[in-house]
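So the structure is just underneath, and the comments pick up after that.
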Amino acid sequence: METPKRRSWAEPYKIKVVEPLKMTSREDRKRALEEAGYNTFLLKSEDVYIDLLTDSGTSAMSDYQWAGMMLGDEAYAGSRNYYNLERAVQTYYGYKYLVPTHQGRGAEHIISQILIKPGTYIPGNMYFTTTRLHQELAGGKFVDVIIDEAHDPAAEHPFKGNVDLNKLDALVKKVGADKIPYITVGVTVNMAGGQPVSMANLKEVRAYCQKHGIRVVYDATRAVENAYFIKTREKGYADTSIAAILKEMCSYSDACTMSGKKDALVNIGGFLALNEWDVFEEARNMVVVYEGLHTYGGLAGRDMEAMARGIEESVQEDHIRARIGQVEYVGEKLLALGVPIVVPVGGHAIFLDAKAFLPHLKQIEFPAQTLAAELYLESGIRSMERGIVSAGRNKETGDHYYPKLELVRLTFPRRVYTQAHCDVTVEAVAEVFARRNSIKGLKMVYEPKYLRFFQARFEKI
Ligand code: P61
């Protein structure tokens with residue numbers, strides 16, 4: 001029987017195992033927040049009611065995946081599960097060669113070290129924290145070539161993740177194509193608000209790069225979500241399957257890095273996938289040094305099996321429709337209340353526009369960090385700062401980067417929370433919104449050297 005066509009995104013699964021949540025009082029949360037230095041990364045998970053910190057490694061696995069865990073072949077070399085994963089990556093992403101890694105940044109490390117030489121430039125459609133850091137550690141310089149609309153929370157563009165070919169061309173003219181080992185294309189773009197890239201843009205980027213001998217490397221972490229937006233927003237794809245769209249997208253690239261902790265529905269895992277034999281050979285050699293043997297890359301056999309099965313589930317139409325439908329549901333409710341959020345609503349999260357939410361705070365008073373702390377205090381909901389703290393400092397000048405986007409991310413794990421949790425989230429944001437004028441900012445009192453947002457500490461001004 002065919003699935004009935006409904007407007008509702010209702011969950012295409014039912015709940016078999018539950019994990020109790022702890023309810024906390026405002027007093028408890030005030031204490032926890034102070035102990036955590038107003039940094040939601042430093043909260044204990046047991047003090048959190050609804051955890052919207054991240055969708056990374058926090059999704060619920062299916063019974064099919066858990067059953068696969070029992071079939072883990074924990075041989076040191078040549079595990080059966082490695083071959084299952086290889087087959088899944090070849091089938092759904094279409095790349096020839098697979099190097100498993102413990103998570104996404106393991107793959108970023110390897111590809112950066114292989115392809116980037118000191119003094120080279122790596123264009124990308126907006127930075128991602130770990131990706132840019134690995135590029136810099138390898139001696140490269142990241143250059144943002146995303147379209148301008150991506151930096152404007154209110155700009156309505158169906159594919160705000162698109163690469164601006166003029167910006168890319170300007171870089172090529174300035175430094176020369178031989179100084180650009182590859183372009184990173186994030187599908188979707190996390191820091192822009194989970195915004196997708198159109199198929200037309202991916203094709204253009206491919207054609208341009210082919211002409212100039214520049215490799216195209218995707219950050220495929222949420223490529224399935226990107227495929228959903230192509231299906232629903234781009235002309236000509238409404239009747240194409242998510243699986244076919246994903247494969248077509250990947251056909252316009254040479255390689256991808258992947259954090260399996262997102263689209264692929266696992267708690268841990270990632271990979272590098274490539275088409276070039278020489279680069280693969282080197283990657284397979286490097287993975288042995290940093291991650292583990294090339295047939296496990298830091299993962300247990302059972303982890304690889306769960307990821308292989310997760311990939312298979314990730315492209316199912318009902319799954320991806322409900323996944324993004326849930327995020328859209330929250331977005332529509334917040335928009336109806338007049339809460340400033342990044343539009344259009346992206347794939348994995350709602351991003352509150354903290355500059356518009358708390359216009360009386362200067363960016364150096366950390367509006368997004370402040371708002372994330374207030375939301376936790378109000379409701380026990382944990383979110384993530386994506387603004388000046390995340391952006392870090394310019395390596396050369398030592399100054400803060402002042403990103404245009406100063407956002408708080410409410411990130412939805414896949415298959416975890418119910419519609420009632422979504423409603424509570426909307427109510428909590430509305431309550432903070434109602435008292436926004438009385439909210440004071442923060443000052444940073446401890447700043448780590450790398451990826452400071454994870455461990456920085458703050459105090460109330
Ligand atoms: C996240 F605060 N994302 O969104 P790994 N590429 C992309 C990602 O979204 C990503 C990675 C590569 C996380 C976890 C996280 O600044 C942060 O498997 C588009 O986490 O190594 C991860 O994949 C890296 C949170 C990462 C952060 C870095 O929540």
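Counting starts at 1 for both ligands and their atoms, following the listed order.
Atoms of ligand 1 lying under 4.0 Å from at least one heavy atom of Lys261, given by number and element, are 18 (O). The Lys262 neighbourhood of ligand 1 comprises atoms 3 (N), 5 (P), 9 (O), 10 (C), 13 (C), 14 (C), 18 (O), 20 (O), 22 (C), 23 (O), with distances under 4.0 Å to a heavy atom of that residue. Distances below 4.0 Å separate heavy atoms of Asn190 from the following atoms of ligand 1: 4 (O), 8 (C), 9 (O). Against a heavy-atom cut-off of under 4.0 Å, Phe41 is close to the following atoms of ligand 1: 2 (F). Of all atoms in ligand 1, numbered sequentially from 1 with element shown, those under 4.0 Å from a heavy atom of Arg105 are 5 (P), 20 (O), 21 (O), 23 (O), 26 (C). In the vicinity of Gly104, heavy-atom distances shorter than 4.0 Å reach the ligand 1 atoms 5 (P), 18 (O), 21 (O), 23 (O). Per-residue contacts place Thr129 under 4.0 angstrom from the following atoms of ligand 1 (heavy atoms of the residue considered): 16 (O), 17 (C), 28 (C).
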Verify side chain to side chain donor-acceptor pair (under 3.5 Å) between Tyr446 and Asn39, making sure each step is shown before the conclusion. CA-CA 11 Å; Tyr446 167 66; Asn39 185 345; over 6 Å; no
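In this structure, Tyr290 places its OH atom where only 12 or fewer heavy-atom neighbours from other residues, nucleotides or ligands lie under 6.0 Å away.
Here atom 19 (C) of ligand 1 lies nearest to Asp219 when heavy atoms of Asp219, Leu451, Thr54, Leu133 are compared. Remark: among candidates Arg409, Arg452, Met384, the nearest residue to atom 1 (C) of ligand 1 is Arg409, based on non-hydrogen atoms.
Counting protein heavy atoms only, atom 23 (O) of ligand 1 is closest to Ser259 CB, 3.3 Å.
For Thr131 and Glu108, the side-chain atoms include at least one donor-acceptor pair closer than 3.5 Å.
Using a cutoff of 4.0 Å between basic side-chain nitrogens and carboxylate oxygens, Glu149 and Lys404 are not scored as salt-bridged. Under 4.0 Å is where a charged nitrogen must lie from a carboxylate oxygen, and between Glu447 and Arg457 no such pair does. A salt bridge does not link Lys160 with Asp152: none of the charged nitrogens is closer than 4.0 Å to a carboxylate oxygen. The residues Arg132 and Asp144 are annotated as not salt-bridged, no charged nitrogen and carboxylate oxygen being separated by less than 4.0 angstrom.
For the ring-ring contact (aromatic ring centres under 6.0 Å, His included) test with Tyr296, the passing option among Tyr76, Tyr82, Phe271, Tyr83 is Tyr76; the others fail.
By the criterion of a heavy-atom distance under 4.0 Å, the side chain of Arg386, and not its backbone, is placed next to ligand 1.
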